[in-house]
Amino acid sequence: MGTNGGGPKRLQIPTPSQPPPPPKINVRKFTESRASELESLHSVVAERLSGDFRSRRSKRRRTTAFDSKAAKRRRKGQPRNLGDNTNKKKKNDNENVAVSRRIRRRAQLRMNPEKGFSLSGDGTKRLRTHVWHAKRFTMTKLWGYYLPLGLHGSGRGSRALLKCFRNGVLIHDASYYVAVQLEGPEDSLLSILSMVLVPSPSAGAADGSKLDSVISGVIYDKAMLHHIGAPDSKPIGPVTYMWQPCCLRNRDNDVAAMNGQGFTKPESPESKSSSSFRQIWVWIHASAFNEGYDALKFACQKEKEERGILINCFSREGQLARLEVMGLKAFELLQKTLPATWIPEDSWQLEHLVVEDELKKNYVLENEDRISSKAMLSLIVMDPRAVTKNRMIPNVPESASSDMLDDIPGTEIREHAGVEEISHRNKESFPLCSEPDCSSPLSCGNLWDASSGVIPPVEESLHCEEKHELHKNFFCLDDPNSTKVQCPRCCPIMLLKDENKEGLAIGWTVILPLSWVRAFWVPLVSKGAHAIGLREKHWVACEVSLPYFPSDFPDCNAYLSSKAIEAAASNLKEELCSPSMGPLRFPIPPPWDSVRVTLNRLLTTVGDPIICRKGKHNSSDSISDLECASCDDSLLGHNTSLDGFVARTSCSLTNFLKEVKVEHLLLFPQVANKKTCFSKITKDESRLQQDKNGITDIICNRKPCFLRVLLRAYNEGSFDEGAVVCAPRPTDISLWTLSSENIEGGLQIPQSAVTSYFKGQSSGKWLQIPEDTTAIESHRWPVGFVTTGFVRGSKKPVAEALCEAVLLAHLRKEQWKDLAVKRRRREIYVLVRNLRSTAYRLALATIVLEQQVDDVESF
């Protein structure tokens with residue numbers, strides 16, 4: 001092979017006659033040796049310029065200094081320089097100088113207090129990343145915070161965002177989640193959680209290993225927070241609860257014992273008695289925080305009244321923050337940003353989280369696959385801003401060779417390292433700090449101890465000065481009289497591994513002190529993370545088929561509050577337009593009462609004696625059916641809340657079927673428990689031969705049960721939020737499934753029926769009143785509504801909806817009745833129509849509880 005052209009260059013080895021280059025160049029000695037040359041050059045230049053080194057006015061670059069308006073804008077609000085004019089009377093030192101709001105607000109936003117958010121004039125909280133988001137995002141005022149809604153524009157760009165989620169990293173500042181801390185005996189805390197959480201921790205007693213892992217603080221868990229009361233009490237919202245890890249609890253006991261406090265470290269499993277002191281975090285969304293906090297305090301008060309045990313319950317708002325890192329390369333980004341970590345050597349977490357013993361000896365963020373789902377990692381990390389791409393070389397003798405530098409600790413390149421490079425590093429290669437206050441990890445503070453604060457990060461100005469000093473030391477320009485550079489400080493954090501029910505890794509959640517958010521946010525973004533707002537987070541939730549709070553929780557008060565804000569904005573937009581050019585008016589939120597009307601009509605068609613009080617009625621789709629189907633107008637209600645409850649666990653769905661005595665319905669929550677196979681169920685003809693009047697045991701005043709379903713278009717179509725899910729007829733399905741009978745356009749309703757499909761009343765209730773014969777013929781009764789529509793750009797678009805359980809079972813029975821066993825499928829055919837469209841689209845509905853045991857996960 002020839003070496004000419006662009007071939008690789010060989011390394012030239014110096015001959016013995018040529019000494020190797022010095023490892024360090026002293027710039028001062030270099031300049032002193034050439035001082036005479038510099039002085040001669042200076043004298044020549046001074047002679048040519050006649051000693052005038054000032055820049056010529058004609059050579060100066062023009063600026064906006066001549067513009068008096070710009071000068072006034074720069075001087076506006078700045079305090080008067082009292083030292084320039086000596087003839088003016090000096091003011092007293094106690095007299096306040098008027099400062100403009102812009103200057104005061106800028107100084108306030110630059111502050112980094114240890115606790116609390118900065119507040120606006122009306123008391124709205126600002127995140128620590130508010131300035132960064134306000135420059136790039138559309139901000140909105142929600143739940144008492146200024147939050148980033150999304151990038152500027154009309155909400156496009158979902159295709160690029162999902163591509164970044166599948167192949168890159170996304171980051172979201174979720175500091176609006178608030179943690180409520182509970183402190184007390186372990187058995188009392190379990191009792192309180194059983195009162196308000198569904199499923200309760202005691203429900204997982206069958207799986208003892210999972211329950212022990214949750215209580216020991218190895219993994220976290222999620223549940224629905226409810227009010228104390230009946231089993232079907234009104235839910236508040238999804239929460240994430242976690243116990244303090246045992247390693248941190250034992251370490252705190254050691255420190256407390258050294259300080260003379262009355263805590264002892266449990267030495268055996270028997271010492272973990274019911275009276276052991278424990279701590280719990282319950283993370284609640286900002287939209288449901290007040291309601292959830294009151295429910296937890298009420299549960300603690302009830303525990304005190306019944307058992308006489310005092311439980312400390314308080315909020316950690318303004319102390320802790322959450323950063324959600326999502327995407328395929330989220331773990332790789334954390335490796336780059338957090339290369340120096342420390343974990344207690346006796347950490348009991350590693351015995352359950354890590355498979356191999358070698359990783360337990362020297363643990364770093366090495367392999368994501370070795371960490372279990374929903375894992376909690378308590379770490380102490382260095383300031384991410386201190387990890388740079390420059391070679392940090394300490395002061396070494398000038399005679400040291402390049403081979404000697406490799407043996408000196410602390411001379412490694414701190415740059416973006418891969419998994420293989422990090423695997424060979426240990427905690428000694430990354431000393432946390434050499435200062436006395438940071439030599440021990442215990443001095444960095446504890447996230448669980450609310451009384452003792454965490455050391456705040458170094459200010460940005462000081463950090464830049466330290467970085468400048470490091471660069472000067474690298475080039476041997478250090479000043480012997482300069483101050484010593486301070487070492488970077490460490491920070492305690494917690495890493496939570498996020499996965500969905502299918503085991504797909506979504507990302508990681510970083511819990512850290514609120515004062516450290518800026519120190520972590522900029523390095524994460526600069527290393528490749530793409531920041532997103534609330535709108536983009538909703539898109540990601542739909543992509544991974546997880547419900548988004550509060551949009552997919554219509555049975556919660558937070559959903560009603562968000563829809564009330566949306567309805568007010570829609571009404572304002574309608575008022576600004578003329579009546580002829582105004583947009584079509586549709587119900588916000590969807591009229592869930594209409595589903596109850598469809599259920600009552602189904603009971604009428606099977607001859608329920610309670611429903612049919614007026615004698616015989618026609619079974620066709622007519623207005624008389626609608627009038628006779630309503631049991632009582634008071635049951636339908638005039639509010640916009642969900643008329644019924646949402647079953648989010650297999651146990652709740654099974655209890656509903658038993659209470660209404662319709663176990664024969666074709667709903668199979670036991671499939672998720674793997675107690676039976678779905679193929680065996682399709683071959684069971686006994687359920688299809690059940691008496692039709694079995695459904696008549698459903699009493700009229702029983703609340704409907706809703707299930708979350710995933711909708712996929714059968715052939716084509718796009719489903720928007722608020723679309724109505726309807727029950728198809730057997731002939732409707734053949735329009736799409738049988739190509740020989742396929743007609744152009746499919747099933748449609750008249751254009752005049754679009755606005756009359758839901759008719760608004762003065763009371764605020766929306767009714768279905770078909771006006772003409774054509775509208776009655778094309779009318780299909782609703783069984784549910786879409787809560788989250790398709791995301792444009794998704795490879796497998798999926799919409800999320802809530803549908804009534806009895807109506808879904810009835811549709812499955814009608815569709816299985818005339819089909820062979822091999823052609824029966826798990827999905828249910830439904831029709832979906834966007835409220836602004838005239839066309840129905842065929843869709844396949846998959847019941848979530850038939851695929852997983854519970855549906856309490858949220859995004």
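Here the structure is a predicted model, which means the values were calculated and not measured.
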Measuring from atom [atom1] of [X] to atom [atom2] of [Y], what distance do you get when rounded to the nearest 0.5 angstrom?
X	Y	atom1	atom2	result
Trp781	Leu599	CH2	CG	12.5 Å
Leu844	Tyr829	CG	OH	5.5 Å
Thr649	Leu849	OG1	CG	7.0 Å
Ile588	Glu721	CD1	CD	9.0 Å
Glu827	Gln815	CD	CD	10.5 Å
Tyr840	Arg780	OH	CZ	6.5 Å

Practice item. Let me see the working for Val848 and Leu707 under side-chain contact (heavy atoms from CB on, under 4.5 Å), right down to the final yes or no. Key: CA-CA 8 Å; Val848 176; Leu707 301 176; over 6 Å; no
So [Y] and [X], do their side chains get closer than 4.5 Å, heavy atoms only?
X	Y	answer
Leu161	Trp539	yes
Asp555	Arg648	yes
Arg812	Phe668	yes

Review point. Between Ser794 and Glu543, do the side chains contain an N or O donor and an N or O acceptor separated by less than 3.5 Å?
Key: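 Short answer, yes.
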Practice item. Answer with yes or no whether the side chains of Thr787 and Arg708 bring together a donor and an acceptor at under 3.5 Å. Key: no
Check: [Y] main-chain N/O paired with [X] side-chain donor or acceptor under 3.5 Å:
X	Y	answer
Thr737	Ile733	yes
Ser561	Asn557	yes
Asp643	Trp592	no
Thr838	Pro750	no
Ser562	Tyr559	yes

Which atom of [X] lies closest to which atom of [Y], heavy atoms considered:
X	Y	answer
Pro782	Leu807	O-CD1, 4.3 Å
Pro669	Ser650	O-OG, 3.8 Å
Ala223	Tyr241	CB-CE2, 4.1 Å
Ala801	Val725	CB-CG2, 4.2 Å
Gly237	Phe549	CA-CE1, 3.7 Å
Ala541	Glu800	O-OE2, 4.1 Å

Point to revise | Lys537 to Phe859 six-membered ring, cation-pi geometry met (6.0 Å, 45°) | key: yes
